[in-house]
Structure formats: structure tokens, C-alpha cells
Amino acid sequence: MHVVVLGAGYAGLTLTRLLERNLSPDVDITLVDQSPNHLVQHELHRVIRRPAIADEITVSLTDAVERATVRVAQVEGIDADERTVVLSDGTLSYDVGAICLGARTAYYGLEGVREHATPLKRLEDAQQIRTDFWTACEGTGEPRIVVGGAGLSGVQVAGELAELAREEGGREGIDASVTLLEQFSNVAPNFPSNFQHAVRDALEARGVDVRTETTVTAADEDRVSLESAPALPYDLFVWTGGIRGPDALKGDRPSVRSDLRLTDRTFALGDAARVVDATGEAVPASAQSAVREARTVAENVSRIVAAERDPGAVFTPRLESFEFESPGWLVSVGDGAVAQVGPAVFTGRAAKALKTTVGVGYLSSVGAIGNAVDLVSEELPFDRSRFGSG
């Protein structure tokens with residue numbers, strides 16, 4: 001019996017670790033990813049301002065799993081009906097599989113945006129944004145930074161760049177501007193209105209020029225074209241305007257229902273899929289969704305494997321249904337954060353501490369205890385002088 005997990009993001013790594021515990025040792029588990037490391041994506045924006053944090057949010061896959069085989073390769077094609085996978089270094093077949101390949105940046109066919117904007121999906125992207133920031137600062141005049149898309153990723157990028165401009169600009173005499181563009185009427189458009197308002201206030205408090213109901217139509221090497229406003233000149237252009245499916249699925253994000261099955265023996269979860277839960281509601285693409293979906297898939301894979309190996313089994317096993325219920329939402333805005341827990345929204349140190357706690361909890365859950373300790377030290381530094389010596 002061979003179980004294959006494609007992708008080692010939040011969904012894939014969480015699922016693999018759960019399967020290691022749930023499945024008997026004689027069931028082979030293979031985890032495939034194009035990178036040998038797992039990236040804590042929701043902290044990636046931090047690398048723009050603090051490059052050293054890259055080590056804290058990078059976890060070796062071989063350290064994170066116990067007995068699964070880690071295969072470093074690009075997934076190039078999937079035949080879910082035949083249960084075969086085409087990899088950059090060969091092929092793979094499976095008895096039960098899970099597609100957890102995450103999403104890619106969507107450019108919606110906007111002329112010049114892919115060519116001239118930098119996305120934020122990989123460590124290399126964050127490092128490139130930082131390099132481009134400094135390149136922009138070397139020119140004459142005020143560096144102009146434009147971020148397209150005000151979902152949570154765009155909000156975090158804009159906040160980080162505003163803090164970087166304030167910190168480094170103050171030392172270097174640089175007065176950089178940061179403009180955040182959003183086609184809908186509010187930032188964080190898929191979230192409750194009180195959360196949206198708090199996020200916008202936090203951005204504007206850091207000097208970000210927030211422009212909602214502003215649609216990007218194209219870009220060239222100097223300007224971002226807008227639907228109903230003059231073109232916006234830029235020195236650095238970052239694009240976080242949406243997501244599409246992985247290349248192995250030809251850019252599609254297939255829809256799956258609450259048991260998260262794409263076919264009888266293949267599951268799809270995380271950002272790679274459009275999930276409709278047991279209540280009929282669309283599940284938002286997010287880290288917390290991916291982790292929770294992985295728990296349901298782990299249970300369902302275990303039931304399928306158990307039935308497959310039971311010679312007395314007659315009926316198809318009943319599978320668990322996924323129902324998404326979020327405990328709240330968190331987003332970093334520079335050195336601050338905005339948190340929503342139930343109907344309440346709060347900011348300040350409490351929100352930042354909660355976000356750090358969530359990050360630490362996740363790192364601990366994938367076995368990265370050292371990374372978790374380092375993240376606490378970085379985000380919530382302990383001031384020993386306040387407590388004296390001894």
C-alpha cells in the first residue's frame with residue numbers, strides 16, 4: 001500500500017505527519033515537493049525587512065517527518081483516475097493520493113504585470129523585493145512603491161515596506177511612498193467590515209496610501225495603468241492580486257466537496273482546490289483552512305486504507321465531512337497586527353502577541369521547536385534590564 005502526498009505546504013506537511021501516526025508502519029508514505037524545505041508562508045513578508053528571519057521560517061522536510069520518504073522533484077502532471085504522477089525526475093504511482101500543491105500567483109492576463117511586478121510566494125521573491133527597494137532608493141527623488149492587491153498578503157507586504165521605508169529612510173534621508181491598490185471597496189475584501197476598517201486604519205497609520213475601488217489594467221517598466229485614474233509611476237511594483245491553481249493542474253483549482261475527494265482515491269486540499277464544506281459554504285484559501293482540511297483528509301485516508309486492507313470489508317467506508325469554522329483572523333501590519341476573535345477586533349501588542357503565538361504553535365506542531373524559540377525571540381524580544389540582575 002502506497003500513499004502519496006504531493007506538496008509540502010501547510011496542508012501537505014500537516015497531512016503527512018498525521019498519516020505517519022495514523023497508518024501502520026508497513027504502509028509506505030511518500031511526500032513530494034520541489035523544495036527540500038517547508039516554508040512558513042504567513043511569515044514570508046518578514047524577510048523583506050529582516051532577512052535573517054528566513055532561517056526561522058524554513059524547516060527541513062527530512063527533519064519534519066519521521067518515516068515518510070521525501071522526494072524532491074517538480075510535479076509536472078497528475079492523472080487522478082489512473083493514480084499516476086509525472087515528476088521532473090520520473091513517474092510515481094499510488095494507491096491513495098493527496099494533491100496539496102498550493103496555489104500560484106494569478107495575473108489575469110493583465111498586460112505587462114507578470115513581466116514587471118514581483119510576486120511574494122518564495123524566499124527568493126522576498127529577497128528580490130528587498131533588493132529592488134534598495135535599488136529604488138539609489139535613484140533621485142522619492143522612491144515610489146506600489147503594491148497591487150489588498151488581500152492579507154498585500155496588506156502584509158505594504159505594511160512591511162512602509163516600516164522598512166520608515167526605518168531605513170530615516171537613517172538615509174530617504175522619503176519613500178507606499179501605495180496599496182485594491183479593486184474592491186475595502187482592503188481585506190473577504191473579511192468582516194470591522195476587521196477591514198481596523199486593517200485600513202493600521203495601514204494608514206504607517207503612512208500607506210490606500211486606494212480602494214482602483215483596478216489595475218496593465219503595467220510597463222515605469223507605470224501601472226489603472227481603469228479609471230491616471231497611470232501610477234513606480235520604482236518598485238509588487239503584485240499580490242490573486243491566486244490560480246498549480247501548474248500540474250494547468251492552473252485550475254478543482255472544486256471538491258466536504259469529503260475533499262477529487263476521485264475515489266485522490267484528495268485535493270489547501271489552496272490547490274476550491275473547497276465547499278459540509279454546510280455548503282466556500283472555504284477561504286488560508287493557512288488555517290489548509291491545516292484543518294488536512295486533519296479531515298488524514299482521517300479519510302486512514303479509513304480507505306483500513307478498508308482496502310481488510311479482506312472482510314464489503315462496503316465502501318463512510319468518510320468524514322469537513323466543516324470550516326474559523327476561531328478568528330490575524331494579519332501583520334508592519335510592527336503591529338490586527339486580530340479578530342469572534343466578533344471582537346483588537347490591535348496593538350495583544351494582537352501581535354497572538355499572531356506570534358499562532359506562528360510558534362504552528363512551528364511546534366511540525367516539530368520545529370528551535371525555529372519556534374527563535375521566532376519568539378525575534379518577534380517578542382525579552383528585555384532583561386527590566387528585571388534587574390541575578
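All values derive from a computational prediction rather than experimental measurement.
Closest of all the heavy-atom pairs between P327 and Q288 is CD-OE1, 3.3 Å. Of all non-hydrogen atoms in L101 and A248, the two that sit nearest each other are CD1-CB, 3.9 Å. Considering every non-hydrogen atom in both A150 and V155, the closest pair reads O-CG2, 3.7 Å. Between A219 and F237, the closest heavy-atom pair is CB-CE2, 3.7 Å. Contact record, A339 with L330: CB-CD2, 3.2 Å, taken as the closest heavy-atom pair. Closest approach of D220 to D222, counting heavy atoms only: OD1-N, 2.8 Å.
There is no path of hydrophobic side-chain contacts, each under 4.5 Å, that joins F346 to L152. Both V70 and V3 are part of a single hydrophobic cluster, where members link through side-chain heavy atoms under 4.5 Å apart. In terms of hydrophobic clustering, with Ile, Leu, Val, Met, Phe, Trp and Tyr side chains grouped at heavy-atom distances under 4.5 Å, V146 and L226 are assigned to a common cluster. Taking hydrophobic clusters as Ile, Leu, Val, Met, Phe, Trp and Tyr residues chained together by side-chain heavy-atom distances below 4.5 Å, L269 shares a cluster with V4. In the hydrophobic clustering of ILVMFWY residues, with side-chain heavy atoms under 4.5 Å counting as a link, V187 and V224 come out apart.
Atom OG of S286 and atom CG of D271 lie 7.5 Å apart (nearest 0.5 Å). We find the OG-CG distance between S35 and L61 to be 6.5 Å, quoted to the nearest 0.5 Å. The distance from atom CG of L123 to atom CD1 of I57, rounded to the nearest 0.5 Å, is 5.5 Å. Going from atom CD1 of I29 over to atom CZ of R17 covers 12.0 Å, rounded to the nearest 0.5 Å. The distance from atom OG1 of T179 to atom CD1 of I145, rounded to the nearest 0.5 Å, is 9.0 Å.
In this structure the side chain of N37 never reaches within 4.5 angstrom of the side chain of L39, judged on heavy atoms. Looking only at side-chain heavy atoms (C-beta outward), L19 and V305 stay at 4.5 Å or farther from each other. Taking the side chain as every heavy atom from C-beta outward, L232 and R211 approach each other to under 4.5 Å. Residues L180 and D209 fail the side-chain proximity criterion, which asks for heavy atoms closer than 4.5 Å. When side chains are defined from C-beta on, L249 counts as touching P254, because their heavy atoms get closer than 4.5 Å. At least one side-chain heavy atom of P317 sits less than 4.5 Å from a side-chain heavy atom of I304. The closest side-chain heavy-atom distance from S326 to Q340 is not below 4.5 Å. The shortest distance between side-chain heavy atoms of P246 and V75 does not fall below 4.5 Å.
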Start with the C-alpha gap between I129 and E160, add the side-chain angles, then the distance that decides, and say whether side-chain contact (heavy atoms from CB on, under 4.5 Å) holds. CA-CA 11 Å; I129 291 169; E160 209 65 21; over 6 Å; no
Please evaluate residues L15 and C100 with respect to the criterion side-chain contact (heavy atoms from CB on, under 4.5 Å), reporting the C-alpha separation (whole Å), side-chain torsions for both, the decisive distance (0.1 Å), and the verdict. CA-CA 9 Å; L15 174 58; C100 313; 4.2 Å; yes
Go through it in stages, so that I can follow the logic: the residues are D252 and K250, the test is salt bridge (charged side-chain N to carboxylate O under 4.0 Å, His left out), and I'd like the CA-CA distance, side-chain angles, deciding distance and then a yes or no. CA-CA 6 Å; D252 292 334; K250 300 180 180 178; over 6 Å; no
Does R292 form a salt bridge (charged side-chain N to carboxylate O under 4.0 Å, His left out) with D277? I'd like the steps, not just the answer. CA-CA 11 Å; R292 285 168 169 76; D277 77 356; over 6 Å; no
Run the side-chain contact (heavy atoms from CB on, under 4.5 Å) check on R303 and E320 step by step: do they pass? CA-CA 9 Å; R303 293 181 186 182; E320 185 175 286; 3.9 Å; yes
As a quick check of understanding, evaluate salt bridge (charged side-chain N to carboxylate O under 4.0 Å, His left out) for E43 and K355, giving each step before the final call. CA-CA 10 Å; E43 296 289 353; K355 191 171 193 303; 3.6 Å; yes
Can N300 and R261 be said to form a side-chain contact (heavy atoms from CB on, under 4.5 Å), step by step? CA-CA 9 Å; N300 287 343; R261 283 193 298 180; over 6 Å; no
Verdict with reasoning, R122 to D125, per salt bridge (charged side-chain N to carboxylate O under 4.0 Å, His left out): CA-CA 5 Å; R122 306 174 302 159; D125 296 331; 3.7 Å; yes
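Judged purely by distance below 3.5 Å, without hydrogens or angles, the side chains of H2 and S93 never pair a donor atom with an acceptor atom. Judged purely by distance below 3.5 Å, without hydrogens or angles, the side chains of Y94 and T266 pair a donor atom with an acceptor atom. Using modelled atom types and a 3.5 Å distance limit, the side chains of Y10 and H42 yield a donor-acceptor pair.
Counting non-hydrogen atoms of other residues, nucleotides and ligands closer than 6.0 Å to CZ of R257 gives a total of 12 or fewer. By the 6.0 Å contact criterion, CD on E124 is enclosed, its count of non-hydrogen atoms from other residues, nucleotides or ligands being greater than 12. Within a 6.0 Å sphere centred on CD of E323, heavy atoms belonging to other residues, nucleotides or ligands number more than 12.
Under 4.0 Å is where a charged nitrogen must lie from a carboxylate oxygen, and between D335 and R206 no such pair does. Checked for salt-bridge contact, E163 and R166 meet the test: a charged N lies under 4.0 Å from a carboxylate O. Using a 4.0 Å cut-off between a side-chain N of Lys or Arg and a carboxylate O of Asp or Glu, R265 and E308 qualify as a salt bridge. Ion pairing between a basic and an acidic side chain is recognised when a charged N comes within 4.0 Å of a carboxylate O; R295 and E299 show no such pairing.
Every residue two or more places apart in sequence or in another chain that forms a ring pair (Phe, Tyr, Trp, His ring centres under 6.0 Å) with F191 is listed here: F195, W329. With sequence neighbours left out, the side-chain hydrogen bond (donor to acceptor under 3.5 Å, both in side chains) criterion links N186 to Q196.
T69 places no side-chain N or O within 3.5 Å of a backbone atom of L31 that could act as its donor or acceptor partner. Looking only at distances, no side-chain donor or acceptor of N22 sits under 3.5 Å from a matching main-chain atom of S302. For Q41 (side chain) and K121 (main-chain N/O), a donor-acceptor pair under 3.5 Å exists by modelled atom type. Side chain of S289 to main chain of A285: no donor-acceptor pair is present (N/O by atom type, distance under 3.5 Å, no hydrogens or angles). Here the side chain of Q74 pairs no donor or acceptor atom with the backbone of Q34 at under 3.5 angstrom. In this structure a side-chain-to-backbone donor-acceptor pair under 3.5 Å is present from T214 to T212. Checked by atom type and distance alone, the side chain of E20 pairs as donor or acceptor with a backbone atom of R67 at under 3.5 Å. With R130 contributing its side chain and V47 its backbone, the two residues share no donor-acceptor pair below 3.5 Å. A donor-acceptor pair is defined here as one N or O able to donate and one able to accept, closer than 3.5 Å; no such pair exists between the side chain of H38 and the backbone of V59. Remark: side-chain polar atoms of R71 are not paired, donor with acceptor, to backbone N or O of V32 under 3.5 angstrom.
Between W239 and Y108, the angle of the ring planes goes over 60°, which puts this pair in the perpendicular group of the 30/60° scheme.
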If you look only at distance, which donor and acceptor atoms sit under 3.5 Å apart when one is on a side chain in residues 112-119 and the other is two or more places apart or in another chain?
| from | atom 1 | to | atom 2 | distance (Å) |
| --- | --- | --- | --- | --- |
| E115 | OE1 | G112 | N | 3.4 |

